[in-house]
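First up is the structure itself, then whatever we jot down about it.
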Amino acid sequence: MIEISASKVVQVIFQAREGHVAAAELSAFIENLNEDEQAHLTAIAWVGRGSFEPEEYAEALMTARTEKTTPTYDYLMGMPHLAENLEAGLDALGVDVDAEEEDLL
């Protein structure tokens with residue numbers, strides 16, 4: 001299933017909420033994720049925005065891996081409502097986002 005820690009996704013959510021203030025940190029954070037983690041991050045965002053249903057997660061992940069044409073950071077930062085999409089994606093996939101956020105605070 002999800003092969004990126006929820007705490008890493010929540011870190012991206014926090015930084016995405018900061019907007020341009022944290023853009024450099026967010027870029028570095030995403031660039032330092034391995035390719036599998038980057039694909040999972042993209043797939044979670046797609047589930048969150050409704051492009052894929054939670055039960056189609058494997059398909060979303062395969063699509064993220066095979067159709068990547070730009071750096072993941074560039075793609076995700078161009079996505080409107082990135083933080084909300086990631087949060088909704090985690091929630092749809094059964095991850096308790098509130099608990100993960102509390103652990104990071």
Side-chain angles (χ1 to χ4, degrees):
M1 196 70 188
I2 300 173
E3 293 180 22
I4 181 174
S5 72
S7 63
K8 287 182 180 180
V9 179
V10 169
Q11 184 68 36
V12 172
I13 291 169
F14 283 159
Q15 290 176 335
R17 286 180 184 154
E18 295 295 319
H20 294 295
V21 173
E25 292 85 2
L26 181 55
S27 173
F29 187 83
I30 293 172
E31 288 173 4
N32 284 321
L33 297 174
N34 65 44
E35 286 188 27
D36 284 338
E37 290 173 320
Q38 290 180 18
H40 280 275
L41 192 62
T42 301
I44 292 166
W46 286 344
V47 168
R49 76 174 183 195
S51 298
F52 291 88
E53 294 300 319
E55 57 272 8
E56 298 172 322
Y57 185 77
E59 181 183 349
L61 182 59
M62 183 179 63
T63 302
R65 287 180 173 144
T66 60
E67 295 186 11
K68 180 179 176 180
T69 59
T70 62
T72 302
Y73 167 77
D74 289 336
Y75 176 75
L76 292 176
M77 291 307 297
M79 180 183 289
H81 313 291
L82 174 61
E84 293 85 355
N85 290 340
L86 289 171
E87 190 169 354
L90 285 177
D91 187 54
L93 293 165
V95 176
D96 184 353
V97 178
D98 291 334
E100 291 296 330
E101 287 179 344
E102 287 178 17
D103 287 346
L104 286 179
L105 294 177

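The figures here come from the full heavy-atom set of this structure, side chains too, leaving out hydrogens, waters and symmetry mates.
Going from atom CG of L61 over to atom CD of E56 covers 13.0 Å, rounded to the nearest 0.5 Å. In this structure, the separation between CD on Q15 and CE on M77 is 9.5 Å, given to the nearest 0.5 Å. For the atom pair CD1 (I13) and CG (L86), the distance works out to 5.0 Å, reported to the nearest 0.5 Å. Note that CG of L76 and CG of L41 are 5.0 Å apart. Values are rounded to the nearest 0.5 Å. Residue E31 holds its CD atom at 9.5 Å from CG of L26, rounded to the nearest 0.5 Å. If you take OH on Y75 and CD on E67, they are separated by 9.5 Å, rounding to the nearest 0.5 Å.
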Would you check, one step at a time, whether the test side-chain contact (heavy atoms from CB on, under 4.5 Å) holds for E18 with E25?
CA-CA 10 Å; E18 295 295 319; E25 292 85 2; over 6 Å; no
Go through the steps to decide whether R65 and D36 satisfy the test side-chain contact (heavy atoms from CB on, under 4.5 Å), and finish with yes or no.
CA-CA 8 Å; R65 287 180 173 144; D36 284 338; 3.2 Å; yes
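At a threshold of 4.5 Å between side-chain heavy atoms, the hydrophobic network of Ile, Leu, Val, Met, Phe, Trp and Tyr places M62 and M1 in two separate groups.
When all heavy atoms of A60 and W46 are compared, the closest pair comes out as O-CZ3, 3.4 Å. For Y73 against I30, the heavy-atom pair with the smallest separation is N-CG2, 3.9 Å. Nearest heavy atoms, L90 versus I44: N-CG2, 3.8 Å. Heavy atoms only, all atoms of each residue included: A92 and V47 are closest at CB-CG1, 4.0 Å. Pairing each heavy atom of A43 with each of A64, the nearest pair is N-CB, 4.5 Å.
Although no hydrogens or angles enter the test, the distance criterion places a donor-acceptor pair under 3.5 Å between the side chain of T63 and the main chain of E59. Of the possible polar contacts, one joining the N85 side chain to the P80 backbone as a donor-acceptor pair under 3.5 Å is found. With hydrogens and angles ignored, the 3.5 Å screen pairs a side-chain donor or acceptor of E37 with a backbone N or O of N34.
Screening E3, K8, E35 against H40 for a side-chain contact (heavy atoms from CB on, under 4.5 Å) leaves a single residue, E3.
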